[in-house]
Amino acid sequence: MNQDVLQRAKQIKLVIFDVDGVMTDGGLTIGDDGLEYKTFNSQDGLGMKLLKNSGVQMAIITGRTSKVVTQRAESTGVAHFYQGVEDKLVAFNELIAKLNLRPEETAFMGDDVVDMPPMLRCGLSITVPAAPKSVQERAHYVTTKEGGRGAVREVCELIMQAQNTLEAQMAPFFQC
């Protein structure tokens, strides 16, 4: 693991996730009823719960609005979420001011150019392999897993590893 990434991850107190392409594979399914359907990864969800239990806060900032995102946020312990956001940097700045955090204490995980403004301002910017090359080149870390296929879990574990909390979070699962 890159030492710069680990040093940045040690400082993280808040991880902010985009949804489409990060928490999902980026596909959008819209039914005849007009409802939007998304597929989330259960291992990502457990990673998020473990990260929260380790003391790191989580947020979602997404451009789309969907009831299923609200449900996912609630089920994984995401305390702060913004939907239908056109300017993600405005939401990012509002959130860190509200939580009294410095940008270097935040991580932002996005997958496209609309995510770049907060990614360029945060302490640890993360993207996925399917992101455009221009986004990958500017991120501090590109996950090995695809969005919606374990990328969020990978990031949660990376942060817990850097903060020496991963073993404690995993320990209950390995006891008889």
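Applying the side chain to side chain contact (heavy atoms under 4.5 Å, CB included) rule to Glu146 yields the partners Pro129, Ala130, Arg149; only residues at least two apart in sequence or on another chain are considered.
The side chain to side chain donor-acceptor pair (under 3.5 Å) test with Tyr141 is passed by exactly one of Gln136, Arg8, Glu154: Glu154. Under the side-chain contact (heavy atoms from CB on, under 4.5 Å) rule, Gln57 has a single partner from Glu105, Lys13, His80, which is His80.
Taking every heavy atom of both residues into account, Lys145 and Gly150 meet most closely at CB-C, 3.6 Å. Closest non-hydrogen pair, Val78 versus Ala59, comes out as CG1-CA, 3.7 Å. Closest non-hydrogen pair, Arg138 versus Ser125, comes out as O-OG, 3.7 Å. Closest approach of Lys88 to Pro118, counting heavy atoms only: CB-CG, 3.9 Å. In terms of heavy-atom proximity, Thr127 sits nearest to Gly110 at OG1-O, 2.8 Å. Here the closest heavy-atom approach between residue Ala151 and residue Thr143 is recorded as CB-OG1, 3.7 Å.
The side-chain heavy atoms of Phe40 and Thr24, taken from C-beta on, include a pair separated by under 4.5 Å. Looking only at side-chain heavy atoms (C-beta outward), Arg153 and Asn41 stay at 4.5 Å or farther from each other. In this structure, Met58 and Leu51 have side chains that are in contact, with non-hydrogen atoms separated by less than 4.5 Å. A heavy-atom distance below 4.5 Å is found between the side chains of Met23 and Met48. Within the 4.5 Å cutoff, the side chain of Val22 has heavy atoms near those of the Val152 side chain. At a threshold of 4.5 Å between non-hydrogen side-chain atoms, the residues Ser66 and Gln83 count as touching. Counting heavy atoms from C-beta outward, Phe17 and Val15 have side chains that approach closer than 4.5 Å. The closest side-chain heavy-atom distance from Thr106 to Phe92 is below 4.5 Å.
Rounding to the nearest 0.5 Å gives a distance of 10.0 Å between CG of Leu14 and SG of Cys122. The line from CZ of Arg121 to CE of Met116 is 14.0 Å long, rounded to the nearest 0.5 Å. A distance of 10.5 Å separates CD1 in Ile16 from CD1 in Ile126, rounded to the nearest 0.5 Å. To the nearest 0.5 Å, atoms CD1 (Ile60) and CZ (Phe81) are separated by 7.5 Å. Interatomic distance, Leu158 CG to Leu124 CG, rounded to the nearest 0.5 Å: 7.0 Å. For the atom pair Gln161 CD and Cys156 SG, the distance stands at 13.0 Å (nearest 0.5 Å).
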Could you go step by step and tell me if Leu120 and Phe108 meet the side-chain contact (heavy atoms from CB on, under 4.5 Å) rule?
-> CA-CA 9 Å; Leu120 292 172; Phe108 194 101; over 6 Å; no

Please report the C-alpha distance between Leu28 and Asp20 in whole Å, then the side-chain angles of each, then the deciding distance to 0.1 Å, and finally whether the side-chain contact (heavy atoms from CB on, under 4.5 Å) criterion is met.
-> CA-CA 8 Å; Leu28 298 174; Asp20 299 317; 3.8 Å; yes

Audit row: Val68, Glu36, side-chain contact (heavy atoms from CB on, under 4.5 Å) steps and yes/no | CA-CA 8 Å; Val68 73; Glu36 189 171 295; 5.8 Å; no

Going through the checks in order, is the side-chain contact (heavy atoms from CB on, under 4.5 Å) test met by Val113 and Val135?
-> CA-CA 6 Å; Val113 294; Val135 174; 4.0 Å; yes

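One hydrophobic cluster holds both Val155 and Met170 under the rule that ILVMFWY side chains link at heavy-atom gaps under 4.5 Å. Linking Ile, Leu, Val, Met, Phe, Trp and Tyr whenever their side-chain heavy atoms come within less than 4.5 Å puts Met160 and Leu6 in one cluster. Placement of Leu95 and Ile159 in two distinct hydrophobic clusters is found when ILVMFWY residues are connected by side-chain heavy-atom separations under 4.5 Å, directly or transitively. Under the 4.5 Å side-chain contact rule for hydrophobic residues, Leu50 and Met109 share a cluster. Residues Val19 and Val85 do not share a hydrophobic cluster, defined by chaining ILVMFWY side chains whose heavy atoms lie under 4.5 Å apart.
Ionic pairing of Glu74 and Arg72 is not present here: no N-O contact between side-chain nitrogen and carboxylate oxygen is shorter than 4.0 angstrom. With respect to the salt-bridge test (charged N to carboxylate O, under 4.0 angstrom), the residues Lys98 and Glu94 do not qualify.
Judged by distance alone, the side chain of Asp115 and the main-chain N or O of Asp112 form a donor-acceptor pair under 3.5 Å.
Atom CG of Asp33 sits in a crowded spot, with more than 12 heavy atoms from other residues, nucleotides or ligands closer than 6.0 Å. Residue Glu137 qualifies as enclosed at atom CD: its count of foreign heavy atoms under 6.0 Å is above 12. More than 12 heavy atoms of other residues, nucleotides or ligands lie within 6.0 Å of CG in Asn2, so this atom counts as buried by the packing criterion.
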